[in-house]
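Start at 1 with the first residue, then count along the sequence.
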Amino acid sequence: MKTWIITLTILYFSWEYTDVRSESAFQSVLLPLICIVLGLYIFLKLLAKLGFLHGGGSCGGGSSDGGGFYGGDGGGCD
């Protein structure tokens, strides 16, 4: 929960102080980049929470029967 609060707080303040017409590189370049990165981070976290993204460590997906090019062991979940 702390991660969400910190992320949303940083996103809010970086959005609030962004000024793309400013001569300051901090306000015109860095803060918009922070907004974009945090916006994508939050979007992907929400997709993962809703179950639309599957991590590489999930079990039962795909088929690797132990033969062929990949040489898998056909294993399951450990």
Side-chain angles (χ1 to χ4, degrees):
M1 186 66 178
K2 281 194 257 182
T3 305
W4 282 101
I5 293 171
I6 292 170
T7 303
L8 290 174
T9 302
I10 293 171
L11 180 63
Y12 170 75
F13 282 109
S14 61
W15 178 265
E16 188 68 30
Y17 292 106
T18 294
D19 182 15
V20 292
R21 294 182 181 170
S22 174
E23 292 183 14
S24 167
F26 180 73
Q27 285 184 318
S28 65
V29 177
L30 187 63
L31 289 177
L33 285 175
I34 291 172
C35 287
I36 291 169
V37 168
L38 288 179
L40 287 172
Y41 172 76
I42 291 171
F43 179 70
L44 292 174
K45 286 289 267 189
L46 287 174
L47 285 179
K49 271 212 178 286
L50 294 174
F52 292 113
L53 294 180
H54 301 289
S58 64
C59 297
S63 67
S64 178
D65 60 355
F69 181 75
Y70 296 105
D73 62 353
C77 299
D78 291 329

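The cluster map of Ile, Leu, Val, Met, Phe, Trp and Tyr, joined by side-chain heavy atoms under 4.5 Å apart, puts L8 and L47 in different clusters. Connection of I36 to L44 is not established within any shared hydrophobic cluster, with ILVMFWY side chains joined at heavy-atom distances below 4.5 Å, either directly or through further cluster members. In the hydrophobic clustering of this structure, Y12 groups with L38; members are Ile, Leu, Val, Met, Phe, Trp, Tyr whose side-chain heavy atoms approach within less than 4.5 Å, directly or through other members. Side-chain heavy atoms closer than 4.5 Å link hydrophobic residues (I, L, V, M, F, W, Y) into clusters, and following such links, even through other members, never connects Y17 to V29. Hydrophobic clustering places Y41 together with L11 (ILVMFWY residues linked when any side-chain heavy atoms are closer than 4.5 Å, directly or through intermediates).
S28 contributes atom OG, which lies 9.0 Å from atom CD of E23 (distance to the nearest 0.5 angstrom). Taking OG1 from T7 and NZ from K45, the interatomic distance works out to 8.0 Å, rounded to the nearest 0.5 Å. For the atom pair I10 CD1 and L31 CG, the distance stands at 11.5 Å (nearest 0.5 Å).
The shortest side-chain heavy-atom distance between I42 and W4 falls under the 4.5 Å cut-off.
Between V20 and P32, the closest heavy-atom pair is CG1-CG, 4.3 Å.
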